2 protein chains.
Amino acid sequence: MGVTLKDVAEAARVSVSTASRALGGGGLASERTQQRLLRIAGELGYRPNTIARGLKTGQSRLVGLLIHNLANASFQVMAEVVQARLKALGYQMLLCIAGDDPQQESDMLGTLADHRVDGLIVVPTGRNGARLAALEAGDIPVVCVVRRDDEAELETVLADDPQGAYAGTRYLIGLGHRRIGLIVGRQDTTSGRERLSGYIRALREADIAVDEALIHAGRYEPETGAVACRTLLDLATPPTALFVANHESALGVLRVTAERRLSIPDDLSLLCYEDTPWFEWHRPAISVVDNGARDLANLAVDRLLHRIEARNGHNAGNGHNAEGAREYRVGARLVKRDSCRSLAPQASEA
Amino acid sequence: MGVTLKDVAEAARVSVSTASRALGGGGLASERTQQRLLRIAGELGYRPNTIARGLKTGQSRLVGLLIHNLANASFQVMAEVVQARLKALGYQMLLCIAGDDPQQESDMLGTLADHRVDGLIVVPTGRNGARLAALEAGDIPVVCVVRRDDEAELETVLADDPQGAYAGTRYLIGLGHRRIGLIVGRQDTTSGRERLSGYIRALREADIAVDEALIHAGRYEPETGAVACRTLLDLATPPTALFVANHESALGVLRVTAERRLSIPDDLSLLCYEDTPWFEWHRPAISVVDNGARDLANLAVDRLLHRIEARNGHNAGNGHNAEGAREYRVGARLVKRDSCRSLAPQASEA
DNA sequence: TAGCGTTTTGCAATCGTTTCCAATTTAACG
DNA sequence: CGTTAAATTGGAAACGATTGCAAAACGCTA
């Protein structure tokens with residue numbers, strides 16, 4: 001489809017510059033020529049070449065999104081939201097799936113840079129702080145989501161994990177549970193640490209001793225969740241409730257409970273982290289702490305585009321992000337469904 | 001990060017062309033200069049500008065993938081596979097999520113064209129054949145997956161839905177089922193039609209009359225699945241087995257069976273289409289006909305890249321794809337797990 | 001050392017836009 | 001109708017790479 005601006009200009013008997021201005025909008029051309037050029041361009045089937053434009057303007061209209069996978073529900077909705085928002089704003093999404101692997105992440109950040117993305121939203125592994133900082137220094141705005149990257153000072157949008165984990169644990173405590181198992185993520189990520197700390201805070205506040213045996217930290221995988229679940233259930237005094245701080249681990253837990261023919265919530269209460277449609281469709285419907293993936297994505301896009309626009313505005317900017325590396329939190333929400341039961345049967349009746 | 005080829009060239013005291021050739025590989029420069037340039041480029045932190053390169057070479061190194069959503073397991077793995085394969089081949093994936101909406105699809109095809117993608121993999125709605133044909137005519141190779149677009153003659157990679165549905169139905173028949181409910185997709189898509197026809201063929205072959213009341217065609221959504229399931233179960237003589245031809249509808253079915261406390265497979269056998277990890281983790285593990293999403297994606301990438309390379313090779317090509325609009329099928333696979341039971345209890349014993 | 005073929009290099013054009021600057025047209029007013 | 005300011009246009013130089021062509025350097029052989 002090789003019809004270029006020059007072709008349009010010739011057909012309309014004007015110079016390329018005029019054609020450019022007419023089609024570019026912004027009233028740089030007279031109303032009359034604008035209409036005419038628009039018409040002719042339409043007839044010829046002209047489509048502006050984003051690549052050429054990008055070369056001149058230094059904007060690729062591409063934004064990178066780097067996540068771990070698409071199996072996780074949070075990442076799914078983030079990808080969907082980011083792409084929808086970007087599209088509405090005239091950007092396209094370059095999706096990179098790095099599997100939480102620093103090496104791959106590093107590679108992909110490189111390619112993203114080569115493609116001169118206008119900005120980047122990333123769930124950092126935490127091992128490529130230098131690279132991310134380099135991008136930022138190279139005038140490519142970076143926004144981290146879900147986790148913080150401790151090595152680099154970057155604008156970051158996080159779920160309120162401390163609060164979410166706290167609220168969830170409190171909820172279980174409120175139902176009368178005293179032995180609450182926790183299956184949580186790796187402790188070398190901010191989200192993993194924060195979810196654990198929220199849990200601990202709630203216990204302390206209720207004067208419940210923290211039992212190390214009830215806490216399992218590991219990768220976010222079904223298998224890991226299953227193993228942790230079995231260990232917990234095999235304890236001399238097993239927990240009466242489980243708080244599973246991630247969607248994938250929850251799969252493993254559900255499997256084990258089904259295998260052992262445990263009834264949820266009668267035999268065991270289950271509270272998960274990160275919502276996913278099928279938790280709602282599952283019977284019993286699984287109660288969750290919704291980390292607000294949708295909000296995370298929206299806010300990340302907001303922040304990123306704010307900075308992209310700012311950069312484009314006064315190119316002679318003071319440096320990078322004036323406001324320093326801000327950190328935003330979006331609220332986590334407890335969604336009560338049917339997988340947690342009260343341990344004090346008659347308490348609220350009578 | 002504004003270090004350009006010119007900067008590298010100056011630092012090395014050679015011309016830009018030499019620098020280009022040295023870094024471009026292909027032995028266009030002497031071994032010595034190549035080493036030197038590589039070193040200097042490294043020191044300066046030079047990264048080639050894909051945009052500028054793209055303008056000159058006419059290759060964006062971008063490939064579009066247009067799908068309906070990310071909630072569907074097939075699309076998830078397709079997106080993951082496509083992006084992994086492309087990355088390995090030096091391309092980036094532009095992911096567009098069009099929600100099976102022709103208007104959005106049309107828009108997105110436009111933007112994709114503006115970005116001069118080198119090729120495009122699309123799950124067509126079927127309403128934009130003209131647009132797709134236009135892309136193809138404009139020298140952007142297009143490969144359709146999952147569904148065919150009847151309006152345009154395009155290279156297409158399909159699951160073997162007729163065979164898959166046939167095999168699934170036959171399996172249920174083999175277990176002794178005679179009344180088999182079918183919850184299938186819209187009949188204005190090739191996949192929807194083919195899954196239905198496979199079902200019918202199996203019934204005919206077993207001399208079972210096709211009962212219209214047992215067949216529900218509709219959108220692939222949990223709610224639709226739930227409604228269909230209720231209707232089927234409320235029949236005077238309800239089916240003893242359900243064949244649910246899509247992953248999302250299956251969610252609705254699982255909900256209804258749980259609500260009614262039906263035991264799977266004791267009260268009702270359930271066979272689904274499209275595999276997803278949690279079908280395996282679910283108890284009972286759900287038997288499925290795996291449509292081979294991974295294979296679909298791989299083959300689509302193969303075909304697409306084959307044509308991209310061909311185009312780049314002899315630019316003075318004969319026209320478009322010489323071989324005509326070929327159609328490929330990847331095999332569907334029956335995965336027996338625990339959700340289907342035999343209706344003839346003692347049959348195989350004794 | 002001259003001559004010849006082969007590498008290796010540099011120059012300059014080019015890809016399709018945007019945008020600065022100057023030139024031209026148009027409009028407005030005395 | 002002349003003058004001036006404002007709006008509109010055209011010319012040309014970028015943006016950062018690749019690549020055809022010709023010149024320069026090199027390695028051989030005689």
Side-chain angles (χ1 to χ4, degrees), chain A residues 1-38 40-41 44-62 90 113-118 138-139 312 315, chain B residues 1-38 40-41 44-62 90 113-118 138-139 312 315:
Chain A
M1 211 174 294
V3 34
T4 85
L5 192 54
K6 191 161 152 237
D7 300 330
V8 178
E10 276 168 8
R13 316 196 142 281
V14 295
S15 71
V16 256
S17 24
T18 306
S20 172
R21 281 183 284 244
L23 299 179
L28 278 319
S30 78
E31 181 70 15
R32 241 170 51 79
T33 42
Q34 173 155 348
Q35 293 303 331
R36 199 160 61 90
L37 270 281
L38 239 29
I40 298 185
L44 262 50
Y46 168 74
R47 308 238 43 171
N49 185 324
T50 314
I51 297 193
R53 176 180 294 171
L55 178 58
K56 187 76 231 274
T57 62
Q59 297 181 238
S60 60
R61 300 258 111 191
L62 256 28
D114 291 351
H115 277 275
R116 299 297 189 270
V117 288
D118 289 337
D139 221 22
N312 294 342
N315 260 337
Chain B
M1 210 177 294
V3 34
T4 84
L5 193 54
K6 193 164 153 232
D7 299 330
V8 178
E10 276 168 9
R13 315 197 144 281
V14 296
S15 70
V16 254
S17 26
T18 306
S20 171
R21 281 184 280 245
L23 299 179
L28 278 319
S30 76
E31 181 70 16
R32 242 170 50 79
T33 42
Q34 173 155 346
Q35 293 305 330
R36 199 160 60 92
L37 270 281
L38 239 30
I40 298 186
L44 263 50
Y46 168 75
R47 306 240 41 170
N49 185 324
T50 314
I51 298 191
R53 174 181 294 172
L55 179 58
K56 184 78 230 274
T57 63
Q59 294 181 240
S60 59
R61 299 259 114 190
L62 257 27
D114 292 351
H115 278 274
R116 298 300 190 270
V117 288
D118 289 337
D139 222 21
N312 294 343
N315 260 336

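Here is the naming used below: chain letters follow the sequence lines, and residue numbers restart at 1 for every chain. Because the structure is predicted, anything quoted here is derived from the model rather than measured.
Residues Arg21(B) and Gln34(B) are not in side-chain contact: their nearest non-hydrogen atoms beyond the backbone lie 4.5 Å or more apart. Ser60(A) is listed as a side-chain neighbour of Ile51(B), based on a closest heavy-atom distance under 4.5 Å.
Remark: C1' of dA12(D) and NZ of Lys6(A) are 14 Å apart, rounded to the nearest angstrom. In this structure, CD of Gln34(B) is placed 14 Å from C1' of dT7(C), rounded to the nearest angstrom. The interatomic distance linking Tyr46(A) (OH) with dG16(C) (C1') rounds to 7 Å, in whole Å. At whole-Å resolution of the value, CG in Leu28(A) and P in dG10(D) are 14 Å apart. If you measure from atom CZ of Arg21(B) to atom P of dA17(D), you get 15 Å, rounded to the nearest angstrom. Atom CG in Leu23(B) sits roughly 15 Å away from atom C1' in dT19(D) (whole-Å rounding). dA25(D) atom P lies 22 Å from atom CD of Glu31(B), rounded to whole Å. The interatomic distance linking Arg61(A) (CZ) with dT17(C) (P) rounds to 16 Å, in whole Å.
In this structure, the nucleotide among dG11(D), dT17(C), dA17(D) sitting nearest to the side chain of Leu5(A) is dT17(C). Taking every side-chain heavy atom of Lys56(B) into account, dT18(D) is the closest of dT18(D), dG16(C), dT9(C).
Of the side-chain N and O atoms in Thr4(B), one or more sit less than 4.0 angstrom from OP1 or OP2 of dA17(D). Within the structure, every side-chain polar atom (N or O) of Ser30(A) is placed at least 4.0 Å from both OP1 and OP2 of dT26(C). Contact annotation: Thr57(A) does not reach the phosphate of dT18(C) (side-chain N/O to OP1 or OP2, under 4.0 Å). A sub-4.0 Å separation between OP1 or OP2 of dG10(C) and a side-chain N or O of Ser15(B) is present. Residue Arg53(A) has no polar side-chain atom (N or O) positioned under 4.0 Å from OP1 or OP2 of dG16(C).
When the nearest nucleotides of DNA chain C are assigned to Ala29(B) and Leu55(B) by heavy-atom distance, the more 5′-ward of the two goes with Ala29(B).
When heavy atoms are screened at a 4.0 angstrom cut-off, Thr33(B) is found touching the sugar-phosphate backbone but no base atom. Across all strands, Ile51(A) comes closer than 4.0 Å to no nucleic acid atom at all (heavy-atom distances). Among the heavy atoms of the strands lying under 4.0 Å from Ser17(B) is at least one base atom, whether or not backbone atoms are also near. Within the 4.0 angstrom heavy-atom criterion, base atoms lie near Ser20(B).
In this structure, Arg116(A) contributes its side chain and Gln59(A) its backbone to no donor-acceptor pair below 3.5 Å.
Counting only residues at least two apart or in different chains, side-chain hydrogen bond (donor to acceptor under 3.5 Å, both in side chains) contacts with residues 48-57 of chain A are absent.
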Working note: Ser20(A) + Ser17(A), criterion side chain to side chain donor-acceptor pair (under 3.5 Å); need CA distance, chi angles, decisive distance, verdict. CA-CA 5 Å; Ser20(A) 172; Ser17(A) 24; over 6 Å; no

